[in-house]
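Report on one structure; see the data block that follows.
Labels below follow one simple rule: chain letters A, B, ... track the order of the sequence lines, proteins then strands, and each chain is numbered from 1.
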Amino acid sequence: MRMSLASGLVAISLATAQAASLEPPAGASSCTGCHPANASVETPVPPLAGRNAADIVAAMEAFRSGQKPATVMDRIAKGFAVEEIQAIAAWYAAQR
Amino acid sequence: MPRHCSRRDFLKAVTAGSGAALLPTPMLAQDAAPRVVVVGGGFAGASVARALRRADPAVSVHLVEASRTFTACPFSNSVIAGMRELAIQQFSYDKLAADGITLVSASAMAVDAQPRVLILATGTRLNYDRLVLAPGIDIRWGALRGYTEAAAEEMPHAWKAGEQTLLLRRQLEGMDDGGTVVISAPPNPFRCPPGPYERASLIAYYLKTHKPRSKLVILDAKDAFSKQRLFLNAWKELYPEMLEWVPLSKGGAVTEVDPATKTFTTDFGKHQASVGNVIPLQKAGRIAEIAGVADRTGWCPIDPVTFESKLVPNIHVVGDAAIAGAMPKSAFAANAQAKVCAAALIRLLRGEAPPAPKLINTCYSLVAPNYGISIAGVYQPANGQLTEVAGSGGVSLIDAPHSTRALEASLANGWFNTITSEAFG
């Protein structure tokens, strides 16, 4: 069963506070292959660390549903359940 | 459809994770620092060494690599086609040393799995708690009749970036207009599945621009390849009279090469080349065989959660050398596997069981300087293998406009900057 976006946000804020010191949740460590961990890298792809978790979740949901135009992110977003996306978003939100 | 866990499971997982973090760190603080030795300073090895140090500075990390400089393969096809200089592909290990990784500039010669010692060519013995082998590929010399190390000086493989890359470039530059370039592509599996076809594309671009009466023939040991429809469509559009792909079923499998005359022999006939590029059969780098972690295929079976060898305990294999199920042998995959392996190692060194990972791969190919295409996938362990998550992944849209191709080319450039920064920068 899938969670609604609204109920997911509760989980996100809970998870964000706790995520900073934890190992990355499943899938998260792959993201920095394209989204640079070092913000000074020259690339059109935005860094994820410190971004608002709800924004990451909303973008991933929109990529997955096809509402947001994409090159590769639509194909990647379809590989993750909403709970996984929320955990990844919370973890990146907690990174600095 | 992907598996969905319940909200309660999710919260339980989060709470359990944070609870574990509050416990006093077992073993690490009291005992001697756990030692991880990594062999191979490519994308996989450098990434695993760095990820370990970042996750837990208490872990001692040695990186064993004979070369002082790393030369990256991604984008080396652009070097061959004269669009890029090799220096941009090269990286030192200085930043890894600054991270606290102990660099050992030597070749690994042997592994004594009991009592866990790696023996170097210099005679030095390195004890390890966990050994990570990231040796990349070696070429199966002689597997194709006539293709020896000496033959590669006449018919370069250029499948390990460096001198071979420059040799193939010089041969193309020296070729007369009207010449024929022949590339032979191997059967699966091999490093960088779309690589032979990107190379053919960019060489065709070079020929079209500089030597337009020339031809390029790909002799392929396969009937299907990565991003096939995208490549075939692009070739029809960009290089219609110039580039010919000969699949297995049309006689593409090469059975012998003759370096003296640059001749490729197939079951159907002979192709004489002005410039001949043999992309050879490959296997895991030599130390994998020595350590006993390579099976009869020449590659290394691994556990999909920890990347620990299925053949020898306490030895992990990441990157091109590993049999990573549905994941391709790419730099992106090597880096993704390295980070998962590092997290698993931290857990294992603490006596904990690592959780099931999820991994992503994204590979861009250039068909022309401003024309990029991609393949992506998401992977997870299932039935002892890394398998692609159903419904995820795939290639660029077949009918995408040129603006999308140009965007993907710029994303490819950005990807190179990002991945090399994470591994070496």
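Of the two parts of Pro355(B), only the side chain, counted from C-beta on, holds a non-hydrogen atom closer than 4.5 Å to a non-hydrogen atom of chain A. Both the backbone and the side chain of Ser374(B) come within less than 4.5 Å of a heavy atom of chain A. Interface remark: Ala343(B) contributes backbone and side-chain atoms alike to the contact with chain A (heavy atom separation under 4.5 Å). The contact between Thr362(B) and chain A is made entirely by side chain atoms (from C-beta outward), counting heavy-atom distances below 4.5 Å. Neither the backbone nor the side chain of Ala423(B) comes within contact range of chain A, judged by heavy atoms closer than 4.5 Å. With a 4.5 angstrom heavy-atom cutoff, Ile360(B) touches chain A via backbone and side-chain atoms both. Contact of Ile375(B) with chain A is made through the backbone alone, with heavy-atom distances under 4.5 Å. Tyr379(B) does not touch chain A: none of its heavy atoms, backbone or side chain, sits under 4.5 Å away.
Between chain B and the residues Pro24(A), Pro36(A), Ala77(A), the most heavy-atom pairs under 4.5 angstrom are made by Pro36(A). Contact count against chain A (heavy-atom pairs under 4.5 Å) is highest for Lys339(B) among Glu388(B), Gln337(B), Lys339(B). Across Thr420(B), Leu411(B), Val378(B), Leu407(B), the residue that shares the most heavy-atom pairs under 4.5 angstrom with chain A is Val378(B). Highest contact tally toward chain A, considering only Pro357(B), Gly394(B), Ser421(B), Ala336(B), is held by Gly394(B) [criterion: heavy-atom pairs under 4.5 Å]. If you tally non-hydrogen atom pairs under 4.5 Å between each of Val45(A), Asn38(A), Val41(A), Asp74(A) and chain B, the highest count goes to Val41(A). Listed options Ile419(B), Leu397(B), Val395(B) were ranked by heavy-atom pairs under 4.5 angstrom with chain A; first place goes to Val395(B).
Between Phe416(B) and Ala72(B), the closest heavy-atom pair is CE1-CB, 4.1 Å.
For the 3.5 Å distance criterion, the side chains of Gln67(A) and Ser65(A) qualify, holding a donor opposite an acceptor. A donor atom on one side chain and an acceptor atom on the other are not found under 3.5 Å apart for Thr43(A) and Asn417(B).
Ring to ring, Phe43(B) and Phe70(B) are close: their centroids are under 6.0 angstrom apart.
Checking side-chain atoms of Lys78(A) against main-chain N and O of Phe63(A) turns up no donor-acceptor pair under 3.5 Å. For Lys329(B) (side chain) and Arg191(B) (main-chain N/O), no donor-acceptor pair under 3.5 Å exists by modelled atom type. At distances below 3.5 Å, at least one donor-acceptor pair connects side-chain atoms of Asp303(B) with backbone N or O atoms of Val305(B). Side-chain atoms of Thr387(B) come within 3.5 Å of backbone N or O of Gln380(B) as a donor-acceptor pair.
Checking Lys68(A), Met60(A), Glu61(A) one by one against Arg64(A), the side chain to side chain contact (heavy atoms under 4.5 Å, CB included) holds for a single residue, Glu61(A).
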